[in-house]
Amino acid sequence: MYRILVVITLSEKGIETIKSTPELPKKETEFVSLWKEREILESFYISTSKKDAVLIFKEIDEAECKEMINNLPYYPYMEKIEYHFLNKQF
């Protein structure tokens with residue numbers, strides 16, 4: 001089964017902005033919750049430092065995945081985004 005693993009790293013300045021703007025995390029959570037409800041987000045992890053996140057998507061293509069990430073409220077604060085295309089073995 002085809003999966004897209006996305007690794008996101010926030011910038012230090014971005015983390016400061018997010019911490020000082022309480023509505024940003026709420027808006028971000030709304031996106032993640034919607035993806036979970038649509039059953040296209042299989043897994044979601046946040047590092048203990050809250051600087052990195054790992055998302056695993058299913059049943060979407062590369063263009064849709066990138067568009068979804070680009071629409072996130074945290075997108076302007078992302079320092080690095082990596083996309084890895086996987087085939088689930090078990």
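All values reported here derive from a predicted model rather than from experimental measurement. Start at 1 with the first residue, then count along the sequence.
- In terms of the side chain to side chain donor-acceptor pair (under 3.5 Å) criterion, S20 has no residue partners (sequence neighbours excluded).
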For a quick test of your reading: what N or O donor-acceptor pairs under 3.5 Å do the side chains of residues 29-40 make, sequence neighbours left out?
{"unit_1": "T29", "atom_1": "OG1", "unit_2": "P25", "atom_2": "O", "d": "2.8"}
{"unit_1": "S33", "atom_1": "OG", "unit_2": "T29", "atom_2": "O", "d": "2.9"}
{"unit_1": "R38", "atom_1": "NH2", "unit_2": "E64", "atom_2": "OE2", "d": "3.4"}

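- The shortest non-hydrogen separation linking L55 to I8 is CD1-CD1, 3.8 Å.
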Kindly indicate, with the supporting measurements, whether the criterion side-chain contact (heavy atoms from CB on, under 4.5 Å) is fulfilled by K51 and E12.
CA-CA 8 Å; K51 183 175 181 174; E12 291 297 329; 3.0 Å; yes
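- Side-chain contact check for I15 versus K19: some heavy-atom pair is nearer than 4.5 Å.
- Rounding to the nearest 0.5 angstrom, the gap separating the OH atom in Y2 from the CZ atom in F57 is 12.0 Å.
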Side-chain donor-acceptor pairs under 3.5 Å in residues 65-77, sequence neighbours left out?
{"unit_1": "K66", "atom_1": "NZ", "unit_2": "E62", "atom_2": "OE2", "d": "3.0"}
{"unit_1": "N70", "atom_1": "ND2", "unit_2": "K66", "atom_2": "O", "d": "3.3"}
{"unit_1": "N71", "atom_1": "ND2", "unit_2": "E67", "atom_2": "O", "d": "3.0"}

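- Residues satisfying the side chain to side chain donor-acceptor pair (under 3.5 Å) criterion with K50, sequence neighbours excluded, are absent altogether.
- Here Y45 is tied into one hydrophobic group with L5, V7, V54, I56, L86, each link being a pair of ILVMFWY side chains closer than 4.5 Å.
- Sequence neighbours left out, the pairs with a member in residues 81-90 that pass side-chain hydrogen bond (donor to acceptor under 3.5 Å, both in side chains) are K80-E82, E82-H84.
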